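First up is the structure itself, then whatever we jot down about it.
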Amino acid sequence: MILHRPRRNRKNQVVRNLVQETHLIVNDFIYPLFVSSEVKDKQEIPSMPGIFRFSPNALLREMEECLNLGLSAFALFPHIAEHLKDNSASESWNEDGLYLKTIKTIKEKFPEALIITDVAMDPYSSFGHDGVVENGEIVNDKTLEILAKMAIAQAQAGADIVAPSDMMDGRVGFIRKALDDKGFTNVSILAYTAKYASGFYGPFRDALDSAPKFGDKKTYQMNPANSREALRELELDTLEGADFVMVKPALAYLDIIRVFRDNSHLPIAAYNVSGEYAMVKAAGQKNWIDEKRVRDEILLSIKRAGADIILSYFAKEWAMDNC
Ligand code: PBG
């Protein structure tokens, strides 16, 4: 006699629904968006089908569509003209520059939209690095000053959450203090806590034209082989005052998401990055996989692993299919 028959809990859709442990909802998602001064309306990124560089006006239309779907949290990244880039990312605190002006306009037009800004030098860096370059090295402490300036400028423009994606040591605490000193105690910090040196960022660097001009990012981003080191970063960002901690990429790092979930009371975010998106799109276009099915399975796996929040280029199409 077989006493235990787990299949009984799978016998029809209603039973399956009752016992389903993990559910995705639109509130789980943050949608990354790219704004550019170099495009007229919108321009598709070849390695990210369905994802665009938007002009500021086109961006507002895109956000309105998202808001109507119930998708209200956006991570905004700037595509900066090459001639504005330098080794101190000075364009990043230019109030009349594309990024800060766009944030202001968004907050005027859609005060209900949650704007998460990117704090990192690479979109503005002539070297394509996340820090100041001196003698071929990425200098930590000088970079902190620039990141703080950038974060303050973004808070002034109306950012709800600033998200340092640079992996410099001490930046969460440094930015927290700088924001508080200027009175921005209500601006939150979403820390890219365990950000790995990953091949999965390729299409994003295409989108921003931000690939490093020399070397790689291995002296600041983490070694994909390490998991205890992620706990060390988690401890530091927590002590320094992060409001959210993030694991990035997501799919090849589901174990790290779980380690974070089991070791933190902070909300855990995971970034389903550009390369993860591109792989699914490419295989889908070739009809090698059922794209939507694989998409939903991946997004569920990230939530099941322990993420409360998912940054994903799939967010809008998921919302269109489910809301
Ligand atoms: C850099 C940054 C990167 C991404 C977000 N911020 C790439 C990098 O480190 O070069 C990647 C996101 C993605 O691949 O979707 N500050």
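The first residue of the sequence shown is numbered 1, and numbering continues consecutively from there. Atoms within a ligand are numbered from 1 in the order they appear, just like the ligands themselves. Values in this document were obtained by computation on a predicted structure and should not be read as measured data.
Taking the six-membered ring for Trp and thresholds of 30 and 60 degrees, Tyr313 and Tyr271 have ring planes inclined between 30 and 60 degrees apart. Taking the six-membered ring where the residue is Trp, Phe77 and Phe204 present perpendicular rings, their angle passing 60° and hence far from 30°. Aromatic ring pairs are classed by plane angle as parallel below 30°, tilted from 30° to 60° and perpendicular above 60°; the pair Tyr99 and Tyr124 is perpendicular. Ring pair Tyr220/His129 is perpendicular by interplanar angle, where above 60° counts as perpendicular and below 30° as parallel.
At the shortest separation from atom 14 (O) of ligand 1 among protein heavy atoms lies Ser274 OG, 2.7 Å. Of the protein's heavy atoms, Lys248 NZ, 2.6 Å lies nearest to atom 5 (C) of ligand 1. Protein heavy atom at the shortest distance from atom 9 (O) of ligand 1 is Gln221 NE2, 2.7 Å.
A salt bridge links Asp166 with Arg171; the closest basic N to acidic carboxylate O contact falls under 4.0 Å. Residues Arg205 and Asp122 are not paired through a salt bridge, judged by the lack of any N-O separation under 4.0 Å between the basic side chain and the carboxylate. A salt bridge links Arg61 with Asp41: at least one charged nitrogen is closer than 4.0 Å to a carboxylate oxygen. Using a 4.0 Å cut-off between a side-chain N of Lys or Arg and a carboxylate O of Asp or Glu, Asp180 and Arg176 qualify as a salt bridge.
Using a 4.0 Å cut-off between heavy atoms, Asp122 contacts ligand 1 through its side chain alone, with no backbone atom that close. Only the side chain of Tyr271 comes within 4.0 Å of ligand 1, counting heavy atoms alone; its backbone N, CA, C and O stay farther away.
Using a 4.0 Å cutoff on heavy atoms, Tyr313 counts as a contact of ligand 1. Ligand 1 lies less than 4.0 angstrom from a heavy atom belonging to Lys195.
With values rounded to the nearest 0.5 angstrom, Lys195 atom NZ is found 12.0 Å from Glu233 atom CD.
Every atom of ligand 1 with a heavy atom of Ser165 under 4.0 Å away is listed here by number and element: 1 (C), 6 (N), 16 (N). Per-residue contacts place Asp130 under 4.0 angstrom from the following atoms of ligand 1 (heavy atoms of the residue considered): 1 (C), 16 (N). Heavy-atom proximity to Ala120, at under 4.0 Å, picks out these atoms of ligand 1: 16 (N). Of all the atoms in ligand 1, the ones that sit under 4.0 Å from a non-hydrogen atom of Val273 are 13 (C), 14 (O), 15 (O).
At under 3.5 Å, not a single nitrogen or oxygen of Tyr192, backbone or side chain, sits near a nitrogen or oxygen of ligand 1. Checked by distance only, ligand 1 and Lys217 come closer than 3.5 Å through their nitrogen or oxygen atoms. Ligand 1 has no N or O atom lying under 3.5 Å from any N or O atom of Asp166, backbone or side chain.
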